[in-house]
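In what follows, residues are counted from 1 in the order of the sequence shown. What's counted below: heavy atoms across the whole structure, side chains too, no hydrogens, waters or symmetry copies.
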Amino acid sequence: MFYLLLSIIFSVLLLTNFRLYPKFGISTFQAIAFNYPICFLTGLALMPEGQSFELNFSENWTFYALILGVGFIITFLLSGFSTQRMGMTATSLANNISLVIPVLCSLLIFKTQGRPFDGLNYLGLALALGAVALSTFKKSNEKVSGKGLDFLLPVAVFLMYGVTNTSINYLNINFIKSADRTVPVTLVMVFGAILAGMIVLVIRVIRGQEKIELKNILASITLGVPNFLSFYFLILALTAYGNSGAFVYPLYNIGVILVSALVAFVFFKEKLTTLNKIGLLLAVAAIGLISWQDIQGLF
């Protein structure tokens, strides 16, 4: 549970960066593109003694990990397009509800529950989906400019977030056989994201859509460190719980939502709607039901 808590805390720190960027005129895209080299350096600093980064294509997981890194950038770009054309509400809901994909894959395909699931655990999973939807829903007066097939963008966001999280679980099950392999494998994913991010950034600069500024590079430091650590501890949490995505992902998602809501209320004075409050109460109930065996073990 300690690794899961750390992953939640660093994820909230990452989201806090995004919340602060508009205030300081930071380009979110540039910060994300430059954050991956920072992630890479953070991973090198955490590399276990005797290990090193290498792109060994004789290993059957290397190409898979690189493609997954590219998937991170594609997911981000889709989120941006969806937010611009279909609105923040639809995109946020698609992102959060996507946890159903790794949960179902964990239960039905990977069958890595880590421990038997009982009726209370399954009820907790159902409540978690409702909690995520209600606690993140915001009424919006934003004008939606989507036309034609743009309505499929939130669907694409839903699928990409679900597929990347499921792929992380698959990679962990099959190729990270011990915790000391977490950093070397993760760095290959990050390297794939670096390549894809830099290519997209160069294209945007050539087209005049971006202008490189030092403040964006500096902002990537406070983004890259928690970004790597949130991912690193999430993988360790999956390992600790027998790669049970059905257990880890719901707790991770609703944990991020609960802590984010607290941070937003305390530091940014954001108000919650009645639906949001109901969602947060459901989230607490879902946590209790999903992890009731662990809670019972504390007493």
Side-chain angles (χ1 to χ4, degrees), residues 11 13-44 53 55 63-92 94-95 98 140 142-165 167-168 186-228 230-231:
S11 293
L13 286 175
L14 188 142
L15 294 174
T16 304
N17 274 269
F18 290 133
R19 181 67 172 76
L20 292 172
Y21 282 169
K23 181 178 179 180
F24 296 98
I26 302 297
S27 166
T28 300
F29 175 78
Q30 285 188 39
I32 288 178
F34 288 121
N35 109 96
Y36 285 110
I38 301 300
C39 284
F40 190 85
L41 293 175
T42 304
L44 285 179
F53 170 75
L55 287 175
F63 186 72
Y64 177 87
L66 283 173
I67 294 298
L68 182 53
V70 174
F72 295 156
I73 298 295
I74 294 174
T75 303
F76 163 71
L77 291 174
L78 283 172
S79 296
F81 290 139
S82 179
T83 299
Q84 291 168 2
R85 299 177 186 177
M86 297 306 297
M88 186 178 295
T89 298
T91 304
S92 177
N95 175 5
S98 67
S140 175
E142 59 187 340
K143 293 182 180 180
V144 175
S145 60
K147 298 178 181 178
L149 296 177
D150 284 348
F151 74 93
L152 292 176
L153 284 170
V155 178
V157 170
F158 169 83
L159 291 174
M160 281 303 299
Y161 270 108
V163 167
T164 52
N165 282 329
S167 298
I168 291 168
T186 302
L187 283 181
V188 176
M189 281 185 275
V190 173
F191 189 75
I194 290 174
L195 293 178
M198 290 299 113
I199 290 172
V200 175
L201 179 60
V202 169
I203 292 173
R204 289 175 67 89
V205 169
I206 292 173
R207 290 180 175 178
Q209 296 172 306
E210 296 284 344
K211 181 180 178 182
I212 306 297
E213 295 183 75
L214 178 60
K215 65 179 181 180
N216 298 323
I217 298 175
L218 294 175
S220 71
I221 298 174
T222 61
L223 183 67
V225 174
N227 191 9
F228 183 87
S230 66
F231 188 75

Original post:
So, for F40 and V190, which heavy atoms are closest and what is the spacing to 0.1 Å?
Top reply: N-CG1, 3.8 Å
Subject >> Side chain to side chain, I38 and V225, heavy atoms closer than 4.5 Å >> reply: yes
Original post:
Hey, is the main chain of G224 close enough, under 3.5 Å, to the side chain of N227 for a donor-acceptor pair?
Top reply: no
Original post:
For F228 and G43, which heavy atoms make the closest approach, and how far apart are they?
Top reply: CZ-CA, 3.4 Å
Subject >> Approximate separation, where rounding is to 0.5 Å, of L153 CG and F158 CZ >> reply: 15.0 Å
Subject >> F53 CZ: over 12 foreign heavy atoms closer than 6.0 Å >> reply: yes
Original post:
Does anything in residues 215-224 pair up under side-chain hydrogen bond (donor to acceptor under 3.5 Å, both in side chains), and if so which pairs, sequence neighbours excluded?
Top reply: N17-T222, Q30-N216
Original post:
Can you check whether L201 reaches I212 side chain to side chain, under 4.5 Å on heavy atoms?
Top reply: yes
Subject >> Heavy-atom side-chain proximity of M198 to Y36 below 4.5 angstrom >> reply: no
Original post:
How far does OG of S79 sit from CD1 of I32, to the nearest 0.5 angstrom?
Top reply: 8.5 Å
Subject >> Closest contact, heavy atoms only, L55 versus V188 >> reply: CD2-CG1, 4.0 Å
Subject >> Matching residue for F34 among I217, I194, L218 - test: side-chain contact (heavy atoms from CB on, under 4.5 Å) >> reply: I217
Original post:
What pair of heavy atoms forms the shortest contact from Y161 to S98, and how long is it?
Top reply: CB-OG, 3.3 Å
**OP:** With the side chain counted from C-beta on, respond yes when P226 and L223 share a heavy-atom pair under 4.5 Å apart, and no when they do not.
**Re:** no
Original post:
Which pair of non-hydrogen atoms, one from I73 and one from A196, has the smallest distance, and what is that distance?
Top reply: CG1-CB, 3.8 Å
Original post:
How about E213 and S27: do any of their side-chain heavy atoms sit closer than 4.5 Å?
Top reply: no
Original post:
L66 and M189: side chain to side chain contact (heavy atoms under 4.5 Å, CB included), yes or no, with the steps?
Top reply: CA-CA 5 Å; L66 283 173; M189 281 185 275; over 6 Å; no
Subject >> Min side-chain heavy-atom separation K211-V205 under 4.5 Å >> reply: no
Subject >> Point-to-point distance, once rounded to the nearest 0.5 Å, from CZ of F72 to CE of M160 >> reply: 9.5 Å
Subject >> Any side-chain heavy-atom pair of V70 and L195 under 4.5 Å >> reply: no
Subject >> Any side-chain heavy-atom pair of V200 and F29 under 4.5 Å >> reply: yes
Original post:
For C39 and L187, which heavy atoms make the closest approach, and how far apart are they?
Top reply: O-CD2, 4.4 Å
